[in-house]
Amino acid sequence: ATSTADASGATPLEKAYDQARQSFYDGDYAKALEHTNAALAIAPYDAVLHEFKALTLFASGKYRDAAATIHTVLA
């Protein structure tokens, strides 16, 4: 089940988001986006995840995709 915590106490959603943030901080935006998309597969309506995805896309230089992503969050 997606809400079940692992041995560290983290749920799959928390783990994916933590991995996304760490990849972002490491400058690996492709991996950050991969982990963000995994988190969004678990929680597709999470506004914070969509904001983070937009930030990751922006940092990657994908400005149009970032704008489209953040626009849906703000709308």
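Since the structure is predicted, the reported quantities are computational estimates derived from the model, not experimental observations.
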K.L.:
Using salt bridge (Lys or Arg N to Asp or Glu O under 4.0 Å) as the criterion, list what pairs up with K62, not counting sequence neighbours.
P.N.:
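Applying salt bridge (Lys or Arg N to Asp or Glu O under 4.0 Å) to K62 gives none.
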
K.L.:
Pick from T56, L55, L57: which one makes a side chain to side chain contact (heavy atoms under 4.5 Å, CB included) with K53?
P.N.:
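In the set T56, L55, L57, the residue that makes a side chain to side chain contact (heavy atoms under 4.5 Å, CB included) with K53 is L57.
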
K.L.:
Please report the interatomic distance CG(L33) to NZ(K31), rounded to the nearest 0.5 Å.
P.N.:
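If we round to the nearest 0.5 Å, L33:CG and K31:NZ are 11.5 Å apart.
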
K.L.:
If you define the side chain from C-beta out and look only at heavy atoms, does anything of Y17 sit under 4.5 Å from T36?
P.N.:
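No - every pair of side-chain heavy atoms lies 4.5 Å or more apart.
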
K.L.:
Quick check: does any side chain N or O of H50 sit under 3.5 Å from a backbone N or O of L40, one acting as donor and the other as acceptor?
P.N.:
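It does not hold such a pair.
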
K.L.:
Should F58 and T69 count as side-chain neighbours, where that means a heavy-atom distance under 4.5 Å?
P.N.:
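A side-chain contact under 4.5 Å is absent here.
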
K.L.:
Between the main-chain N or O of D28 and the side-chain N or O of D26, is there a donor-acceptor pair closer than 3.5 Å?
P.N.:
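The answer is no, because no donor-acceptor pair under 3.5 Å joins these two groups.
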
K.L.:
Identify the heavy atoms of A20 and A32 that sit nearest to each other, and give their distance.
P.N.:
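Nearest pair, atom of A20 first, then A32: O-CB, 3.4 Å.
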
K.L.:
Flag yes if F24 and V48 sit in one hydrophobic cluster, no otherwise; membership is Ile, Leu, Val, Met, Phe, Trp, Tyr, and two members link when side-chain heavy atoms are under 4.5 Å apart.
P.N.:
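Yes; tracing contacts between hydrophobic side chains, which count when under 4.5 Å, links both residues.
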
K.L.:
I'd like to check F52 versus R21 (side-chain heavy atoms, cut-off strictly below 4.5 Å). Are they in contact?
P.N.:
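F52 vs R21: side chains touch.
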
K.L.:
In terms of hydrophobic clustering (I, L, V, M, F, W, Y; side-chain heavy atoms under 4.5 Å; direct or indirect links), are V73 and L49 co-clustered?
P.N.:
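Looking at the clustering, L49 is in a separate group from V73.
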
K.L.:
Residues in salt bridge (Lys or Arg N to Asp or Glu O under 4.0 Å) with E14, at least two apart?
P.N.:
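Listed in chain order: nothing, the list is empty.
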
K.L.:
Side chains of D18 and Q22: donor-acceptor distance under 3.5 Å anywhere?
P.N.:
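Per modelled atom types, D18 and Q22 side chains form no pair under 3.5 Å.
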
